[in-house]
Amino acid sequence: DYRVSATTLNQTGILPNANLDRLTLSFNVGMRHSTKLKSRFSAQYINTSSKGTGVAGANDPNIIGAQAFPRSLNFKNYLPWIDAQGNQIGTVNPFVNNPFWIRHENKSERKDNRFIGSVETTFTPIQNLSFTARAGLDFDKDDRLLSNRVGTVQRATGDFTVDGITRTQVNVDILGTHFLTINENLQLRTLAGFNYNKRGFIQESVLSTGLSIPELFNPANALTNQATRGFSEQLLMGAYGEAALTYKEWATLTITGRND
């Protein structure tokens with residue numbers, strides 16, 4: 001059996017100049033090689049791009065308090081938000097940016113590429129006994145750009161931040177399962193397995209301030225650049241087991257254990 005699919009999501013946000021586009025490709029196939037051996041393979045690719053995402057937090061000029069806009073305010077009073085020379089006009093007050101300037105000039109962009117794949121093989125040498133090996137990979141590359149155009153209140157000289165985030169996860173399971181019918185009322189299922197899980201995280205960022213040329217988001221165009229790099233790695237290995245005793249298919253006693 002096999003399955004192939006492709007889906008797209010195109011969404012416009014409630015904030016001006018905000019949207020999200022996502023493409024998902026999936027492939028899944030299962031094969032029975034013999035009466036004792038079968039396998040399954042699946043893969044999924046997800047491409048997501050978005051811009052204009054609303055910001056949150058503190059000390060950010062792109063956040064406007066509700067107190068700056070009374071209920072009777074006509075938003076057309078803030079159009080246009082930029083003049084022919086690229087300067088901001090129509091600010092709320094000397095300390096608050098024009099909301100349309102924030103939405104159209106201060107960029108918030110994200111491009112994410114993710115791949116998820118797995119392969120599984122099951123071998124059944126005799127009736128009621130099976131061995132399964134399963135391996136999976138999850139890889140995600142997330143690129144982000146946040147910027148404040150030259151002329152933004154509280155960020156008059158302009159700045160931008162470039163984030164590159166990479167996440168990886170590898171998971172392997174090897175397990176055996178046995179079913180035993182003790183009598184017409186009792187059935188026993190036992191399971192034993194081994195798990196290997198490795199996770200990695202890398203984040204590389206550059207904060208550039210003081211732009212010589214507006215809208216040119218290149219570190220060479222900035223007066224100062226601050227680069228940071230963070231990374232982590234986690235490795236987990238564990239053995240686990242389970243025994244389940246069932247009485248007349250309505251009452252079950254289960255005992256589980258795991259050591260990592």
Side-chain angles (χ1 to χ4, degrees), residues 1-9 22-50 110-144 163-182 187-205 228-246 252-260:
D1 65 281
Y2 63 91
R3 178 178 181 270
V4 179
S5 68
T7 60
T8 60
L9 171 66
R22 176 175 293 147
L23 170 66
T24 303
L25 303 176
S26 299
F27 176 72
N28 190 305
V29 59
M31 295 174 285
R32 180 173 290 277
H33 307 282
S34 66
T35 57
K36 296 183 178 182
L37 182 65
K38 63 180 180 180
S39 60
R40 180 165 296 277
F41 171 80
S42 66
Q44 187 177 55
Y45 170 72
I46 307 164
N47 176 274
T48 304
S49 61
S50 65
R110 177 174 179 253
K111 294 183 179 180
D112 183 89
N113 289 280
R114 186 176 184 183
F115 173 81
I116 303 172
S118 68
V119 59
E120 176 180 313
T121 299
T122 299
F123 176 61
T124 308
I126 60 176
Q127 187 177 7
N128 296 331
L129 175 64
S130 65
F131 298 95
T132 299
R134 184 186 304 117
L137 170 67
D138 186 347
F139 175 83
D140 182 65
K141 186 70 173 69
D142 189 353
D143 295 311
R144 306 175 184 181
D163 269 331
I165 302 172
T166 303
R167 299 181 179 89
T168 57
Q169 181 174 181
V170 176
N171 190 83
V172 177
D173 277 293
I174 301 174
L175 58 95
T177 306
H178 181 253
F179 295 90
L180 174 64
T181 300
I182 301 174
Q187 294 84 38
L188 177 65
R189 180 178 67 88
T190 55
L191 178 150
F194 170 79
N195 173 246
Y196 171 93
N197 183 275
K198 183 177 182 180
R199 304 185 186 195
F201 175 85
I202 299 175
Q203 181 173 8
E204 297 175 324
S205 303
T228 59
R229 185 175 190 269
F231 55 90
S232 66
E233 186 174 272
Q234 174 183 317
L235 178 62
L236 175 71
M237 291 185 289
Y240 54 90
E242 178 182 284
L245 182 64
T246 301
T252 301
L253 174 65
T254 302
I255 300 175
T256 63
R258 177 171 178 133
N259 183 50
D260 292 317

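Because only heavy atoms are used, hydrogens play no part in the values below, and waters and symmetry mates are left out as well, while side chains stay in.
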I want to check something: taking the side chain as every heavy atom from C-beta on, are [X] and [Y] in contact at a cut-off of under 4.5 Å?
X: Q203; Y: S205; result: yes
X: D140; Y: D112; result: yes
X: F41; Y: F27; result: yes

Check [X] against [Y] and note the closest heavy-atom contact, atom names and distance.
X: A135; Y: V172; value: CB-CG2, 4.2 Å
X: H33; Y: S39; value: NE2-OG, 2.7 Å
X: G164; Y: K141; value: CA-NZ, 4.1 Å
X: Y240; Y: I174; value: OH-O, 4.4 Å

* Between R144 and D163, does at least one N-O distance fall below 4.0 Å, as a salt bridge requires? ->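 No salt bridge links R144 with D163.
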Salt bridge (Lys or Arg N to Asp or Glu O under 4.0 Å) with [X]: which residues, sequence neighbours excluded?
X: K198; value: E233
X: R40; value: D1
X: K111; value: none
X: R3; value: none

* To do: Could you give me the CA-CA distance, side-chain angles and deciding distance for E242 and T256, then say whether side chain to side chain donor-acceptor pair (under 3.5 Å) is met?
  => CA-CA 4 Å; E242 178 182 284; T256 63; 5.7 Å; no
* Kindly indicate, with the supporting measurements, whether the criterion side chain to side chain contact (heavy atoms under 4.5 Å, CB included) is fulfilled by F115 and N113. => CA-CA 7 Å; F115 173 81; N113 289 280; over 6 Å; no
* Test side chain to side chain contact (heavy atoms under 4.5 Å, CB included) applied to N195 and N171, step by step -> CA-CA 7 Å; N195 173 246; N171 190 83; 3.2 Å; yes
Roughly how far apart are [X] [atom1] and [Y] [atom2], rounded to 0.5 Å?
X: L129; Y: T124; atom1: CG; atom2: OG1; answer: 8.0 Å
X: L236; Y: N197; atom1: CG; atom2: CG; answer: 6.0 Å
X: D143; Y: S49; atom1: CG; atom2: OG; answer: 12.0 Å
X: F179; Y: T190; atom1: CZ; atom2: OG1; answer: 8.5 Å
X: S5; Y: L25; atom1: OG; atom2: CG; answer: 8.0 Å
X: T254; Y: R189; atom1: OG1; atom2: CZ; answer: 7.0 Å

* Begin with the C-alpha distance, continue with both residues' side-chain angles, and end with the deciding distance and a verdict on side chain to side chain contact (heavy atoms under 4.5 Å, CB included) for L180 and H178. => CA-CA 7 Å; L180 174 64; H178 181 253; 3.8 Å; yes
* Check whether more than 12 heavy atoms from other residues, nucleotides or ligands sit under 6.0 Å from atom CE of M237, and answer yes or no. =>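 Counting neighbours around CE of M237, 12 or fewer heavy atoms of other residues, nucleotides or ligands fall under 6.0 Å, so no.
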* K38 atom NZ, neighbour heavy-atom count above 12 within 6.0 Å ->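 No, the 6.0 Å shell around NZ holds no more than 12 heavy atoms from other groups.
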* To do: With side chain to side chain contact (heavy atoms under 4.5 Å, CB included) as the test, would you mind laying out the steps for T177 and L175 before giving the verdict?
  => CA-CA 7 Å; T177 306; L175 58 95; 3.7 Å; yes
* Pairs flagged by salt bridge (Lys or Arg N to Asp or Glu O under 4.0 Å) wherever residues 114-139 is involved - sequence neighbours left out ->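 For residues 114-139, and leaving out neighbouring residues, the salt bridge (Lys or Arg N to Asp or Glu O under 4.0 Å) pairs sorted by first residue read R114-D138, E120-R134.
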* Taking side-chain hydrogen bond (donor to acceptor under 3.5 Å, both in side chains) as the test, write out the residues that go with T246, two or more places apart. =>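 If we apply the side-chain hydrogen bond (donor to acceptor under 3.5 Å, both in side chains) test to T246, skipping adjacent residues, the hits are T252.
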